[in-house]
Asker: 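Structure in structure tokens, see below.
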Amino acid sequence: MARHEVWAELARLKDTTRFYDAVIEEQDRAEPRRIRIGDEWLSDFASCNYLGFDVDPEIMAAPAELIAKWGTHPSWSRLLGNPKPYLEIEEQLTDLLQAPDTLVLPTITHIHMTVIPVLAGKGTVFCEAQAHRTIYDGSSVARGNGATLHRWRATDLGGLAVALRKAPKDLPRLVCMDGINSMTGNEPGLAAIADICRAEGALLYVDDAHGFGVIGERSSAETSPYGALGNSIVRHLGESYEGLVLVGGFSKAYSSLMAFLALPTQMKEYLKFAAAPYLYSGPSPTASLATVLAGLKVNRERGEVIRGGLWHKTARVIDHVRKLGLYTPNRSGFPIIELPAREPSDIDEIASILWERGIYVTLAAYPLVPRDQAGFRIQVTAANTDEEIDQLNATLTELAPMLSKAEGHGHGYGSEYGSGSGHGHGHGHNGGAAGSAGH
């Protein structure tokens, strides 16, 4: 499709579906996942605020005290002036992740665009085919700086091993990938990939923007198969940080503008000078520093109850999808549920019904996704009410004839995090579409 035709189709979608470029006028304070667009109130299933921290009263109250101390924005670069709350966050985060060390920077996009080129140097960067667009962008910058860029698929581990052996061993070899996929909610078989990278002496770079805060280490104290503490995919799988750099952010589960790397202290000290954000970027606003600190406290005190509630709400939706015989690539029980349309041409009618029933979702229409992947994505949060889940499930029942059926797909519904009753905790490979959620 020519570029002008793409623009024309996007303009048509914007004019006909109401799900694109929508101005949210206000949020209901009594039912915080209800939003008003124009004159319509809708239940919001398009947010990535998984733990509901964006509307938690304790966290919402946190910025005032810190702003009184620091003003609205401590605008030094961290190299020139390092606000103490940053150090407090890194100390608590290192403890939560059980990592060697952590480095906090403004956003994951900042990290990918600057750290990937530094770590790749003149060597080879191996970018997984389904990795988030910002990982690919960072890998492309690395290529522009002299690195070789190689694409690989998480479903072809033998191919990755062969490619690693062929790459020059006297230069860096950096393997980049997602943790929890931002479209399917699935885990990519990280343990096997980490084993290959360690065996071949390559550095594994994992973006777990969506997993951090939701999944964590397995524990007798866990309230759901997501695990405990929300300390990310590495701890959830019982993996180590040997030969692995974890990237994550607070903008999803913690609803705060901030991101981090979990990494060895020696690498942290190197990146302070070698990667641009620490040298040149102003730090996150004081309000973000405050809400991260408050979020870490709430996570310690109430996180397990919140994650348990989130899992049960998500399981209700996935169980209903299963009962309707619908297909979703979600095999994990993670609160991202993608539902493809049976016919891509039905997307306008699907959008109309969702809007009329007061359901706001992430609409995935062509040309934003390939035609055969047109549909919509549901994101459940802890702030969604049981009544909203009922409303969503009733709408899915109405839409079922226009949605893709489970029959004919290569795999059924899975159980990485045990969604639904009677499911185990195994981990499979992820063949989902590239993510589109913000970093």
Side-chain angles (χ1 to χ4, degrees), residues 1 5-25 27 33-50 130 132-133 181-186 209-210 251-252 314 317-318 320-321 324 326-330 334-381 383-384 388-389 391-405 432-439:
M1 179 182 283
E5 293 175 310
V6 171
W7 290 339
E9 179 63 12
L10 289 174
R12 187 196 70 78
L13 288 168
K14 178 179 179 295
D15 291 340
T16 60
T17 66
R18 306 181 73 180
F19 283 87
Y20 294 112
D21 207 21
V23 176
I24 299 174
E25 304 282 353
Q27 193 161 312
R33 276 294 169 264
R34 283 179 55 78
I35 55 176
R36 182 171 67 83
I37 300 174
D39 295 328
E40 304 290 336
W41 283 96
L42 303 103
S43 296
D44 177 21
F45 289 98
S47 296
C48 291
N49 304 315
Y50 300 120
Q130 304 299 320
H132 195 277
R133 170 63 184 266
N181 184 275
S182 63
M183 292 295 285
T184 67
N186 295 332
H210 287 265
S251 66
K252 302 289 187 289
T314 304
V317 179
I318 293 179
H320 190 69
V321 167
L324 293 172
L326 301 178
Y327 169 71
T328 177
N330 183 319
F334 195 83
I336 298 174
I337 306 160
E338 185 182 1
L339 294 171
R342 178 178 286 187
E343 298 293 338
S345 58
D346 288 339
I347 196 68
D348 284 35
E349 185 176 356
I350 289 170
S352 177
I353 292 172
L354 285 164
W355 186 274
E356 289 170 4
R357 301 299 176 262
I359 300 295
Y360 196 73
V361 297
T362 300
L363 194 69
Y366 180 82
L368 298 176
V369 299
R371 290 187 191 276
D372 62 355
Q373 294 177 20
F376 60 94
R377 181 178 64 188
I378 298 161
Q379 286 147 213
V380 182
T381 79
N384 286 117
E388 287 174 325
I389 300 297
Q391 178 189 13
L392 172 64
N393 282 346
T395 306
L396 294 180
T397 299
E398 185 176 357
L399 288 172
M402 289 182 284
L403 299 177
S404 185
K405 298 296 183 182
S436 61
H439 274 42

Asker: Can you list everything that forms a salt bridge (Lys or Arg N to Asp or Glu O under 4.0 Å) with Asp372? Sequence neighbours excluded, please.
Answerer: none
Asker: In Å and rounded to the nearest 0.5 Å, what is the OG1 to NE2 distance from Thr395 to His320?
Answerer: 9.0 Å
Asker: Can you confirm whether Met402 sits close enough to Ile353 that some side-chain heavy atom of one is under 4.5 Å from a side-chain heavy atom of the other?
Answerer: yes
Asker: Can you list the steps and then say if Leu403 with Phe376 is a side-chain contact (heavy atoms from CB on, under 4.5 Å)?
Answerer: CA-CA 10 Å; Leu403 299 177; Phe376 60 94; 3.8 Å; yes
Asker: Could you tell me if the side chain of Asp348 sits less than 4.5 Å from the side chain of Arg12, heavy atoms only?
Answerer: yes
Asker: Just verifying a value: how many Å separate Tyr360 OH and Ile378 CD1, rounded to the nearest 0.5 Å?
Answerer: 14.5 Å
Asker: Determine, stepwise, if the pair Leu392 / Leu396 fulfils side-chain contact (heavy atoms from CB on, under 4.5 Å).
Answerer: CA-CA 6 Å; Leu392 172 64; Leu396 294 180; 4.3 Å; yes
Asker: Checking Phe45 now: which residues fulfil ring pair (Phe, Tyr, Trp, His ring centres under 6.0 Å) with it, not counting sequence neighbours?
Answerer: none
Asker: So does Glu338 get a backbone contact from the side chain of Thr328, meaning a donor-acceptor N/O pair under 3.5 Å?
Answerer: yes
Asker: Roughly how far apart are Ile350 CD1 and Leu399 CG, rounded to 0.5 Å?
Answerer: 6.0 Å
Asker: With salt bridge (charged side-chain N to carboxylate O under 4.0 Å, His left out) as the rule and sequence neighbours excluded, what pairs involving residues 359-369 come up?
Answerer: none
Asker: Would you compute the distance between atom CG of Leu363 and atom CD1 of Ile347 and round it to the nearest 0.5 angstrom?
Answerer: 4.5 Å
Asker: Check the pair Glu388 / Thr381 against side-chain contact (heavy atoms from CB on, under 4.5 Å), numbers first and verdict last.
Answerer: CA-CA 11 Å; Glu388 287 174 325; Thr381 79; over 6 Å; no
Asker: Can you say whether the rings of Tyr50 and Phe334 are parallel (under 30°), tilted (30 to 60°) or perpendicular (over 60°)?
Answerer: perpendicular
Asker: Other residues, nucleotides and ligands only: do more than 12 of their heavy atoms fall within 6.0 Å of CD on Glu349?
Answerer: no
Asker: Of all the heavy-atom pairs spanning Gln391 and Gly358, show the shortest one and how long it is.
Answerer: NE2-O, 3.4 Å
Asker: Taking the side chain from Asn330 and the backbone from Ile336, do they hold a donor-acceptor pair closer than 3.5 Å?
Answerer: yes
Asker: What pair of heavy atoms forms the shortest contact from Ala374 to Ala365, and how long is it?
Answerer: CB-CA, 4.5 Å
Asker: Determine whether Ile389 and Asn393 make a side-chain contact, defined as any pair of heavy atoms from C-beta on separated by less than 4.5 Å.
Answerer: yes
Asker: Could you tell me which residues satisfy side-chain hydrogen bond (donor to acceptor under 3.5 Å, both in side chains) with Asn49, sequence neighbours excluded, listed by chain and number?
Answerer: Asp54, Ser255
Asker: For Arg357, give me all partners under salt bridge (Lys or Arg N to Asp or Glu O under 4.0 Å), at least two apart in sequence or on another chain.
Answerer: Glu398
Asker: Quick one: are Cys48 and His210 in side-chain contact, heavy atoms under 4.5 Å?
Answerer: yes
Asker: Test: salt bridge (charged side-chain N to carboxylate O under 4.0 Å, His left out). Region: residues 34-47. Which pairs qualify, not counting sequence neighbours?
Answerer: Glu26-Arg36
